[in-house]
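Within every chain, numbering begins at 1; the chains are lettered A, B, ... in the order of the sequence lines, protein sequences first and strands thereafter. None of these values were measured; they are calculated from a predicted model.
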Amino acid sequence: MEKIAPELLERKKKEEKKELEDLPDVHGEVRMRLAPSPSGPMHLGQSRMAILNDEYVKRYGGKLFLRIEDTNPHNILPEAYDMIPEDLEWLGVKVHEIVIQTDRFEIYYDYARKLLEMGKAYITTVPADEWRKLKNEGKPTVDRELPVEEQLERWDKMLNGDYEEGEAVYVVKTDLNHPNPAIRDWAAFRIVKEVEHPRVGNKYIVYPLMNFSVAVDDHELGLTHVLRGKDHLNNTYRQEYMFDYFGWKKPVYIHYGWVTMKDTILKTSLIKEGIKKGEFTGWDDPRLGTLRALAKRGIQPEAIRKYWIEVGLKSVDIEFSWDNLYAYNREIVDPIAKRYFFVWNPKKIEIKGVERLEAKAPYHPSEDMGFREYKLEKPVRVFVVKEEWDSLKDGQIIRLKDLCNVEKKGDDGIYAGNDVSIIKRGAKIIHWCPENSMAAEIRMPDGTLMNGVAEPLVEESIGKVVQFERFGFCKIYREAGKIVGYFTHR
RNA sequence: GCUCCGGUGGUGUAGCCCGGCCAAGCAUUAGGGGCUCUCAACCCCUCGACCCGGGUUCAAAUCCCGGCCGGAGCACCA
């Protein structure tokens with residue numbers, strides 16, 4: 001090989017596979033986390049952080065935490081506690097330990113008290129908008145510098161439920177003159193009384209806000225590296241104050257860019273509403289960008305993984321490319337998908353001039369998967385795509401793939417032998433389905449349906465991704481006696 | 001408005017830190033051809049990019065300055 005065609009080897013070398021770049025500051029093993037809130041199942045956008053964290057933990061060894069951030073009782077879908085781990089498992093992400101924030105209130109309270117004692121936090125009873133206004137002007141509220149004893153007293157009152165919702169807020173001090181107003185004093189605990197938490201009920205009335213619980217947990221879990229979207233950049237700065245106050249060692253923070261997904265419905269609140277209204281069939285409706293929808297459509301988790309590895313951790317904003325994802329998926333699915341015929345807008349034609357026909361079509365054009373065979377008896381009738389048949393000229397001879405040649409004559413076909421060489425001479429090849437085919441409905445990612453018939457043998461591929469020849473890849477299901485295909489991609 | 005972050009073909013990415021081998025690589029998409037009993041796969045070819053302007057230098061996608069453009073955050077959400 002080397003002697004005959006060294007240039008081929010050269011080429012091989014150039015097509016190195018994409019690899020994630022190394023993480024900075026790795027000393028031995030890493031400890032990382034995924035931190036979704038349980039508002040719904042995972043979607044494509046969230047799979048990025050899951051995959052990347054997983055890749056690094058697998059590369060360096062260490063531990064990956066799934067930390068469910070459920071400290072906002074207003075935005076929780078109880079089923080999500082189970083759905084998220086399921087989605088991760090489907091993705092092939094290895095989670096070593098699950099941590100749920102509503103199990104950890106005592107830890108947060110503990111640190112909250114310490115911070116008050118250190119004079120690094122205060123409890124304000126000033127209304128939110130006023131507090132915010134003062135902050136933007138770089139001015140303290142009247143209660144910011146109240147003595148520690150009084151702050152602790154207020155804290156106890158908060159915990160005891162002596163304040164109503166919105167009457168008191170625990171704030172972490174930073175720097176009122178910080179040039180970025182977003183970083184100045186930030187709210188860390190709020191009172192929630194009017195809503196019951198789906199998981200812990202009304203056991204607690206003081207809820208930590210994200211920046212506080214995240215900082216505490218990132219430290220408590222001993223994280224070495226934190227990957228997050230750059231929309232969290234200011235939160236990182238806020239949280240760093242906590243690390244500085246307590247003298248904790250900070251993890252390495254890496255902020256990756258924003259991903260926009262055109263024509264993809266990701267927003268959980270919208271999906272939830274749509275499901276309720278009946279606009280979507282469920283969390284796996286093929287129009288959605290949830291992982292469950294993609295799974296249903298036959299997208300392989302390995303394709304998603306490969307996609308995000310290719311994209312990497314850059315802080316540039318990017319546009320998601322379905323084409324690229326489909327290309328990766330096709331690479332995986334093409335060699336294993338069995339081939340079948342699906343005829344949309346079917347028209348039944350009779351092939352005259354033969355007693356019987358035998359079809360022998362390979363399951364795969366290049367892989368050795370055997371054949372699907374059909375025997376067609378006397379009135380030999382098949383389904384073909386209506387527009388296709390109608391567009392043929394009378395007298396035109398075409399090839400019915402893996403069956404025979406026919407000459408069109410109105411709504412009939414005249415048997416024209418079985419000489420494959422007519423293809424070489426330019427005969428059109430069309431596909432067909434036997435008369436005993438099954439009704440089939442294909443559901444497209446844009447929500448449209450295609451109705452037709454699928455050859456009987458597809459039944460053996462229920463639950464699998466197949467390729468309907470001259471149509472595209474689909475994942476096959478059965479619903480109410482009919483074949484239902486979820487379109488994967490061409 | 002303020003504070004950050006970033007700008008390589010339609011899309012994604014490599015190169016940028018440590019200037020030259022970059023008249024910019026790879027993948028995908030699009031167009032064309034080949035092969036094939038699929039409009040798939042495979043093979044070949046083609047189109048297509050360093051945001052702009054200065055500066056430093058023998059030499060800049062790579063370093064410096066300015067501008068322009070895009071994005072994020074500025075919640076008692078995460």
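- Shown here are the salt bridge (charged side-chain N to carboxylate O under 4.0 Å, His left out) partners of R470(A), two or more places apart in sequence or in another chain: E388(A).
- Contacts of E373(A) classified as salt bridge (charged side-chain N to carboxylate O under 4.0 Å, His left out), with partners at least two apart in sequence or in another chain: none.
- Rounded to whole Å, the separation between the P atoms of G66(B) and G73(B) comes to 27 Å.
- Closest non-hydrogen pair, I76(A) versus D70(A), comes out as CD1-O, 3.6 Å.
- Looking at residues two or more places apart in sequence or on another chain, you find a salt bridge (charged side-chain N to carboxylate O under 4.0 Å, His left out) between E164(A) and K193(A).
- Distance check on atom P: G31(B) versus U36(B) gives 23 Å, rounded to whole Å.
- One C1' atom belongs to A24(B), the other to G20(B), and the distance between them is 14 Å to the nearest Å.
- Rounded to an integer number of Å, the gap from W131(A) CH2 to C76(B) C1' is 7 Å.
- Separation of the C1' atoms belonging to G34(B) and A40(B) is 16 Å when rounded to the nearest angstrom.
- The separation of A61(B) from G25(B), taken at their C1' atoms, amounts to 13 Å, rounded to a whole angstrom.
- For N160(A), the CG atom sits in a packed shell: over 12 heavy atoms of surrounding residues, nucleotides or ligands are nearer than 6.0 Å.
- Inter-residue side-chain proximity for I398(A) and L400(A) is flagged as met; some heavy-atom pair is nearer than 4.5 Å.
- N211(A) comes within 4.0 angstrom of nothing in the nucleic acid, heavy atoms only.
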Pull out every protein N or O sitting under 3.5 Å from an N or O of nucleotides 71-74 of chain B, one pair per line with the distance.
from: G71(B); atom 1: O4'; to: D317(A); atom 2: OD2; distance (Å): 3.2
from: G71(B); atom 1: O2'; to: D317(A); atom 2: OD2; distance (Å): 2.6
from: G73(B); atom 1: O2'; to: N234(A); atom 2: ND2; distance (Å): 2.6

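- Taking atom P in both U29(B) and C74(B), one finds a spacing of 38 Å when rounded to whole Å.
- Of the listed nucleotides (C37(B), G12(B), C76(B)), G12(B) has the atom at the smallest distance from the side chain of N324(A).
- For the C1' atom pair drawn from A49(B) and G12(B), the interatomic distance equals 13 Å after rounding to whole Å.
- Nucleic acid contact for Q467(A): base, since at least one base atom lies under 4.0 Å from a heavy atom of the residue.
- Between C37(B), C76(B), A40(B), one nucleotide has an atom nearer to the side chain of R399(A) than all others, and that is C37(B).
- OP1 or OP2 of A14(B) has at least one side-chain nitrogen or oxygen of K314(A) nearer than 4.0 Å.
- On a pure distance criterion of 3.5 Å, no polar donor-acceptor pair joins the side chain of E469(A) and the base of C37(B).
- When each of C37(B), C39(B), A40(B) is scored by its nearest atom to the side-chain atoms of R470(A), the top-ranked nucleotide is C39(B).
- OP1 or OP2 of U29(B) has not a single side-chain nitrogen or oxygen of R490(A) nearer than 4.0 Å.
- Here the side chains of I123(A) and L116(A) are in contact, with some heavy-atom distance below 4.5 Å.
- D129(A) places none of its side-chain heavy atoms less than 4.5 Å from the side chain of K133(A).
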Q) What would the secondary structure line of RNA chain B be in dot-bracket form, counting Watson-Crick and G-U wobble pairs under 3.5 Å, with [ ] for pairs that cross earlier ones and | for pairs with another strand? A) (((((((..((((......[....)))).(((((.......)))))....(((((..]....))))))))))))....
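- For D390(A), the salt bridge (charged side-chain N to carboxylate O under 4.0 Å, His left out) criterion is met by K347(A), K386(A), not counting sequence neighbours.
- Ring geometry for F342(A) versus W344(A): interplanar angle of 30 to 60°, hence tilted.
- Contact annotation: T71(A) reaches the phosphate of A78(B) (side-chain N/O to OP1 or OP2, under 4.0 Å).
- Backbone-only contact: A327(A) has heavy atoms under 4.0 Å from sugar-phosphate atoms and none from a base.
- Distances were taken from every side-chain heavy atom of V316(A) (C-beta onward) to each of G12(B), G7(B), C37(B); the shortest belongs to G7(B).
- Remark: the separation of the P atoms in A75(B) and G15(B) is 37 Å, to the nearest Å.
- For K401(A), taking side-chain heavy atoms from C-beta onward, the closest of the listed nucleotides C37(B), A40(B), U13(B) is C37(B).
- For I429(A), whose side chain is taken as the heavy atoms from C-beta onward, the closest listed nucleotide among U8(B), C37(B), G12(B) is C37(B).
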